[in-house]
Structure formats: structure tokens, C-alpha cells
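Inspection log for the structure reproduced underneath, given as C-alpha cells.
Just so it is clear: chains get the letters A, B, ... in the order the sequence lines come, proteins before strands, and each one is counted from 1.
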Amino acid sequence: MSYIENKLQIAISQAIQFLYQIENIEIILQPTRKEFKGSHTFVTFNLAKNLQKNPELVGNEIGNYLLQNYADLVTGIQIVKGFLNFKIANKIWLQLFTDVQNKENFAQNPTKNMRVMVEYPSPNTNKPLHLGHLRNIFLGDSVSRILAADGYEVIKANLVNDRGIHICKSMLAYQKFGQNETPQSANIKGDHLIGKYYVAFEKHLRIELEPFMAKIDNKDFTDFSAEHQPKIKALTEQIEKFKDNRKEEKKYNDAKSGLKQIVQNYTPLMREAQEMLQKWEKNDENTKQLWTKMNGWVYEGFDETYKNLGVTFDKFYYESDTYLLGKNIVEEGLQKGVFYQKEDKSVWIDLVKEKLDHKLVLRGDGTSVYVTQDLGTADLKYKDFKIQKSVYVIGDEQEYHCQVLFKTLEKLERPYAKGLYHLSYGMIELPEGRMKSRDGNVIDADDMIVEMKKVAQLKCEEFGHIKDYSDVEKEKLYGQIGLGAVKYYLLKLDPKKKIIFKPEESVEFVGDAAPFIQYNHARTCSIMRKANELKIDFSANSYQNYEHLHEAEQNLLELLLSLPTQIAEAATAYSPAVLAQYSYEIAKSYSKFFTECSIFQAETEHAKSFRIALSSFTQKTLKKSLALLGIEAPQKM
RNA sequence: GGUUUCAUAGCUCAGUUGGAUAGAGCAACUGCCUUCUAAGCAGUAGGUCAUUGGUUCGAAUCCAAUUGGAAUCACCA
């Protein structure tokens, strides 16, 4: 809570106690809308109702009490219906401004003595990163920074999905068609090379699928096992039934993908992939060698991308190490009576009361399912770091899974269970539908960055503010602007909203966009360069007698002072969007100030010094709030 | 079918625990560069907050129903 808010609340309580003899009521203040005078507003409707008085009268009485008894705090009031607006003394604003400038670390909230792990983006190692991963990475990275600024100790963890049938698909395709190609020999990034073979696998799979599907079309089910035949028949009937029915398109698609799921396991390719997975699990030497080699290439590619994106991790977990974890927890759950066993030995948890149904936690043959290993990994994380909170940055398609996981851990009475949070975000789709790596219709992360850098270069050349920059400096700047634009575009939206990405028009460089914010940062730097050149004193003493803040100055100052509140709000909501909006508000506010108030031709020396000090602090605040989004702030652009 | 979630300007989105005349950006139109960076500033126009009902001093916000969209409901991960 801010200093002024606190003071005002005490003053208003005092007024209410004196005027109406009521004690201990909560005073809620809200920011004054900009079309009215003042900065803080107290709404009197509720109080007036309790007193059975006119809200406007109550506002008048309280307002006048403050004017008389707290003249050094409140210098003006305005009452509109039940809204009591306060104008706070100029001196207080200036004092706060001076205080915050002298503060060692103005953007660091006090420590909470709590450790939190943020897990992202946890990619599969069978394909390069795409735009969806970028949203995940930027969210995870920014939330980590925000939590750290709000006083948490943060551990950034990446749980790499490095094993499983999908990995074997790439491996198999490479083995069959790769001809010992390497990233060096093909001259492409390792992750892109592997992705190429993942797509190749799917392509060949589709070809192998055709004869099976043709037979099914002819109602010939003899290829399939006795167990599968009735299922296939039923699905075929459903497909027939919903075929030209637009309303049942969903069911049609469900049936189709269900059919494909069963049938594709009959193809030689899928059988080979399954065999490969079994070999891998039995530690077959050749398989492991190939796996190590190919994953190595992928990691090299990922590392390069992470570096280009400006993100780092504190801890890598690998699923190949963790996929067998969790079985001991199943045993424990059975003993505690949290789980139950069916006749076929499979183990389940009853989450019907939580509206999550019955859920399998271990197969009848004793092998793990998805949740099993996630239970184990959760324990491992706690064992490794003693974390009180844990944030999982995962797409909204896994909401149900996360609910099951968290609820299960709660029932197992894990000490960390209450601190689990699923930071869920909406999928990014293209105008023609969902991105699918296996079909190759994705916006590649590396391509995206290169594209945006090009756009940044074009704009920079157009404006021509950096003619004195060396080629290296220019390259760096293009990267900062291009990458900043993408990060801001993905972070300014509410995470839970789905994005339909239109390549031609999506990422903005003007208006509510990172370059505009960066541009205003560059402007503040330009002012500072000139102020230093002219050796102008803008220390606290130099503007102490500055009496009347211009409206633009006042608005900007109020915004700048709210940084700690904004950080706390963003951290509580796990929402970088709060800070994206805040950065934009500052940039807009500074831009207005910049055009309305002349700095070096200011009316008085006090005004000049104050405006330079204000520019200086705007620079720091913008830089910090952009940094919390993972966006760099150039000195010139 | 069950559960969850979403619907705000032509487009993309903000909108705090219910508060003042619902706000930005883009696109359109009008002004403003001899002066600190015009990636800008000022202005005009654009709204049945999906629909209906309820709760109350007051509803985009809370509740119910309806309509339309999305996700999910695998012994896949």
C-alpha cells in the first residue's frame, strides 16, 4: 500500500470517528478518473447508507474535516454525487519523488522468504521450437522475473521431454532416410534437422496408412485383431453418420482421429517405432547411442534459440531420468487409502467429489502413465529445492491433467500441495487452424525472430536516428527491437486468451507495442545526454521549491511512483500483462509530457531541474519494467 | 452428453474487491516537425458490453437461464 493511501485512510477513519462516532471501518480508496480533479477517491455510498444520510453531504463533511485538520496532506476536494476526490499537497508528491530516487533498489519489493519454482517450457526433443513455445517461454521468463522483483527466490526449471514414442519417430525416420546426415553436413540447426525427420515419419506413416483405410472403406476389417474389429466398425459407422452433418463436426473429427489412432498401430512404421521404444527402455546400446547423438543435436539447437531469446534456466530435469519415478508414491497412496486397486491390478484415484471422475495412476502391468511420473517429479522438485510454491507454465489443453495432479498431491498431504499453480495459457492458432508440427504448418521460433529483426531494421533505416552506429551496434539494436516487439505482443494479452496469429499483421511496431515504449526510453536517454553535457543540476535540492506541477508532470509522477504496487499486482496474478500495460502507460504519459512541457526551455530553473529529474526517473522505471518483461531498452533508436 | 472457459467499437484488446459519461491501439478522417528523437502529439467519428431475467442506491463486472465459440473428458504424453 502506498504512503499516500495509508495516510489518507488514517485521516478518513479519524474524520468518520469524529463526525459519526463509527470506528474500525475499512476505508477503500480508488484512483480518481482523469476527468475529475485529484488523485484519490473515496466512495461514500455505503457509509451514507449506513448513516441514512445523503452521500453528497457525507462527502462534504468528511472532505471539509480533512481540509481543516489535515491541511498538509489534502489541499483540495471535489465532490460529485457520492464520490469524494482528494487533491494531495504538492510537497508530499515532491518528497515521495525524492525518497524513491534515493532508494537503493527502487524496484525490488521486500523479501518474502519464500522459494518458488517456475517450470517452462518443457519441450519435446523431436522438433524445433515454434511460436507456441515462444508464448510459453516469454510467460515463464517474465513471471520468473516478476516474482523475483516481488521478493521471492525463484528457480527456473526446464523439464525436458526427451523420451517416448514421439522421440522414437524422429529417430526411426532418421535411421531409415537420414543417410548419416549431421547438422554440420546439412548446414542446419540440430533441432531443425530432427524436426525434418519427425515430419518425414508422419509423411511415410500416412502413405502406409492408405491401404488400411481403403480396406476399411470397403468394410473389410480382416486386417485387425478380434479386439479391435468391433471398435473400428463402430467408429466407421459414426464417421458415416456424422459425415455431412455440420453440427456434429466435432464428433466426426473425434471418430476420425480415434480410428486413425487404432489403425496406425498396424502400420510397419509404427510397429518399428514401438519396438525401438522397447529397445530404448531395455537400454539397447545402439538405440541409446542414436538417441544420445540426436538429442545432443537438439540441445545445441535449443541452446542457441534460448540464447537468442535472452532466457536462461537454473535447473534442467530430463524425463529420461524421471519417467520411472512415482511408483513408490502409488504404493504410499494405496496404503493411505487415497488410491484403490481394481481386479486387473491397475491403480486408481476417485476424484468424483471434485468433479474430476476416476483417474488411472498406474497400469495393470505396473507401468507408469503421465500422472505417475508427474507425481514423482513433484516430490523430486521439493526434495531438491524445498520450494513453497511451484508454477507450471503449461497450455490450457492440460488444465484437466493439472487439476488431477494437484488434487492428488493434496490428498497425499504433500506439504507443498497448496503452493501449486498452473499458469495456463491459450493456444496460438493460424488463420487456417491449429499449428501442427507433424504437418509442418508452424511458425518456427527461429524464423520468427529473424523476420522481426528484418522489420526492425527497415524501420530503423527509415527513421535514421542511428547513423553514427557501427554495424555491430546496429545489429544489436535490430535484435532488441524485433525481439522486444514479439515479446510484448505475446505478453500484453491475458495469458488465457487464445491467439489467432496472422503473420502479415500481427506484431505491431507502432502504438501499443514495445518499440513505442523503447522509443520513449531512448528519448529519456537523449534528454539525459544533453543534461549531462550542459552539466545541469537536477538533484533533489534543485527543484524543491517547484510549486505547481503541470498536469502532464503530475500524471507521469503518479504513474512512476506506483511501480512497486504494479509489481505486486503482477506477481499475485502471475500476469506480465499488468506490467506490459503499465510500461505502455508510462510511455504514453512521458510522450505527452515531452510534447507539452519544454525541458531545456522551461519557465524556471526549478522546472528545468525537475523535468530532467523526472526524465531520469522515467528512464529507470521504463528500463526496469521492460526488463521484467524480458525486453531490453535501447539508448538510441 | 459431463466439466471448464470465453463473448466489450469495423479489427486486436484493457476494464481491480460491483462505482462517476465503458477505455486504448490499429484502420478512417482533420490539424501539428526551422526548436529536447513526429516509432510522436492534439482532435473527429465509431458501443443494444451476445440475449433475457434477477440481486441493489448503483451491474460490462455478481446470480440464473438461453444462444454461439473453444478446451477437455485415453491403460497417449
Side-chain angles (χ1 to χ4, degrees), chain A residues 26 28 30-36 41 43-46 48-49 55 80-83 85 124 161 163-167 250-251 258 261 319 323 342 344 346-348 354-357 359-365 367-371 373-374 395-401 403 424 426-427 429 456 459-460 462-466 481 489 492-494 496-500 502 505-506 508-520 522-531 569 573 577-578 580-581 584-585 587-588 591-592 594-602 611-612 615 636-637:
Chain A
E26 197 191 1
I28 297 167
Q30 50 183 289
T32 306
R33 295 181 65 117
K34 59 180 166 192
E35 60 265 38
F36 299 102
T41 295
V43 182
T44 63
F45 287 108
N46 276 327
K49 197 179 167 189
V80 183
K81 290 186 266 181
F83 300 90
N85 305 324
N124 294 342
N161 209 315
R163 64 159 287 280
I165 189 70
H166 48 293
I167 310 295
K250 209 177 107 187
K251 286 183 179 167
Q261 205 69 46
E319 213 191 284
Y323 82 107
K342 285 192 180 175
D344 65 356
S346 60
V347 183
W348 297 72
E354 287 78 11
K355 292 187 173 176
L356 297 172
D357 213 342
K359 204 67 199 165
L360 180 89
V361 291
L362 194 72
R363 292 196 187 100
D365 62 6
T367 56
S368 298
V369 287
Y370 190 28
V371 270
Q373 52 177 296
D374 276 355
D396 62 7
E397 54 190 357
Q398 295 198 40
E399 252 160 26
Y400 175 71
H401 168 74
Q403 279 177 24
S424 170
M427 296 288 112
E429 294 179 15
K459 302 263 179 187
C460 282
E462 195 182 313
F463 296 117
H465 291 138
I466 49 154
I481 296 172
Y489 168 74
K492 75 167 177 174
L493 297 183
D494 182 347
K496 68 172 178 258
K497 286 221 156 109
K498 177 175 97 175
I499 296 177
I500 300 192
K502 296 170 193 141
E505 52 186 84
S506 276
E508 278 289 350
F509 280 71
V510 291
D512 185 5
F516 171 66
I517 303 167
Q518 291 171 318
Y519 175 71
N520 279 286
R523 278 171 145 180
T524 61
C525 290
S526 173
I527 294 297
M528 296 323 292
R529 278 193 296 270
K530 186 160 177 184
E569 212 180 299
V578 171
Q581 231 175 304
Y584 178 58
E585 289 295 329
K588 265 205 299 192
S591 202
K592 193 179 168 72
F594 190 87
T595 38
E596 286 188 9
C597 303
S598 178
I599 295 172
F600 294 103
Q601 264 76 52
R611 285 170 190 174
I612 293 169
S615 295
K636 266 192 196 179
M637 64 187 278

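- In this structure, CZ on A:Arg611 lies 11.5 Å from CD1 on A:Ile527, to the nearest 0.5 angstrom.
- Base-pair partner of B:G19: B:C57 (Watson-Crick or G-U wobble, both distances under 3.5 Å).
- The closest side-chain donor-acceptor pair between A:Ser591 and A:Arg523 falls under 3.5 angstrom.
- Base engagement by A:Cys597 is indicated by at least one non-hydrogen atom pair under 4.0 Å involving a base atom.
- Pairing for B:C32 is with B:G40, a Watson-Crick or G-U wobble pair whose two hydrogen-bonding atom distances lie under 3.5 Å.
- Spacing of C1' atoms, B:U66 relative to B:G19, comes out at 29 Å, to the nearest Å.
- B:G1 is paired with B:C73 under the criterion used here, namely a Watson-Crick or G-U wobble arrangement in which both key atom distances are under 3.5 Å.
- With C1' as the reference atom, B:U12 and B:G53 are 32 Å apart, rounded to whole Å.
- Rounded to whole angstrom, the span from the CD atom of A:Gln373 across to the C1' atom of B:C76 amounts to 11 Å.
- The 5' end of RNA chain B is approached more closely, in terms of each residue's nearest nucleotide, by A:Val43 than by the other of A:Glu397 and A:Val43.
- Nearest to the side chain of A:Tyr400, among B:C75, B:A77, B:U72, sits B:U72.
- Whole-Å rounding puts the A:Gln581 CD to B:U16 P distance at 10 Å.
- In this structure, the nucleotide among B:U37, B:C75, B:G19 sitting nearest to the side chain of A:Ala522 is B:U37.
- When distances run from any side-chain atom of A:Lys355 to the nucleotides B:C73, B:U4, B:U72, the shortest one goes to B:U4.
- Of all nucleotides present, only B:U12 satisfies the Watson-Crick or G-U wobble test against B:A24, with each distance under 3.5 Å.
- Using a 4.0 Å heavy-atom distance criterion, A:Ile599 is classed as a base contact.
- The shortest distance between the side-chain N/O atoms of A:Arg33 and the OP1/OP2 oxygens of B:G23 is below 4.0 Å.
- With both pairing distances under 3.5 Å, B:A7 is matched to B:U67 as a Watson-Crick or G-U wobble pair.
- In this entry the distance linking OH of A:Tyr323 with C1' of B:A77 reads 14 Å, nearest Å.
- For the pair A:Ile599 and A:Ile612, the minimum side-chain heavy-atom distance is below 4.5 Å.
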- Item | Sequence-aligned protein contact record of nucleotides 39-46 of chain B, with B where the base is within under 4.0 Å of a protein heavy atom and S where only the sugar-phosphate is | BSSS----

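- Nearest nucleotide to the A:Phe45 side chain, out of B:C13, B:G19, B:C76: B:G19.
- Using a 4.0 Å heavy-atom cutoff across all strands shown, A:Asn46 reaches at least one base atom of the nucleic acid.
- Rounded to an integer number of Å, the gap from CG of A:Asn85 to P of B:U21 is 13 Å.
- Within the structure, a side-chain polar atom (N or O) of A:Lys49 is placed less than 4.0 Å from OP1 or OP2 of B:C57.
- A 3.5 Å limit on both hydrogen-bonding distances identifies no Watson-Crick or G-U partner for B:C49.
- Electrostatic pairing of A:Lys496 and A:Asp494 counts as a salt bridge here, judged by a charged N lying under 4.0 Å from a carboxylate O.
- Using a 4.0 Å cut-off, some side-chain N or O of A:Lys81 falls inside it from OP1 or OP2 of B:U21.
- Using a 4.0 Å heavy-atom distance criterion, A:Asp374 is classed as making no nucleic acid contact.
- In this structure, A:Thr41 reaches the bases: a heavy-atom distance under 4.0 Å links it to at least one base atom across the strands shown.
- Note: CG (A:Leu493) to C1' (B:U5) measures 17 Å, nearest angstrom.
- For the pair A:Phe36 and A:Thr32, the tightest heavy-atom approach, listed with the atom from each and the gap, is CB-CG2, 3.9 Å.
- Spacing between atom NZ of A:Lys497 and atom C1' of B:A14 amounts to 8 Å, rounded to whole angstrom units.
- Of all non-hydrogen atoms in A:Trp348 and A:Ser346, the two that sit nearest each other are NE1-OG, 2.8 Å.
- For B:C13, the glycosidic angle deviates from 0 by more than 90°, giving an anti base.
- Residue-to-nucleotide contacts include no donor-acceptor pair under 3.5 Å from the side chain of A:Asp512 to the base of B:C26.
- Residue contacts for A:Thr367: at a heavy-atom cut-off of 4.0 Å it reaches no nucleic acid atom on any strand shown.
- Taking the six-membered ring where tryptophan is involved, the planes of A:Phe45 and A:Phe83 are perpendicular, since the angle between them exceeds 60° and thus also 30°.
- Using a 4.0 Å heavy-atom criterion, one finds that A:Tyr584 contacts the sugar-phosphate atoms exclusively.
- The NZ atom of A:Lys496 sits 9 Å away from the P atom of B:A14 (whole-angstrom rounding).
- Atom OH of A:Tyr519 is separated from atom NE2 of A:His465 by 5.5 Å, given to the nearest 0.5 angstrom.
- Nearest nucleotide to the A:Ile28 side chain, out of B:A77, B:U16, B:U17: B:U17.
- Among the protein residues, A:Glu319 comes within range of the sugar-phosphate backbone only, with heavy atoms under 4.0 Å from sugar or phosphate atoms but none that close to a base.
- Checking A:Gln30 against A:Met427, the closest nucleotide of RNA chain B that is more toward the 5' end is the one next to A:Gln30.
- Summarising the geometry, the separation between CD1 on A:Ile527 and P on B:C36 is reported as 9 Å, rounded to the nearest angstrom.
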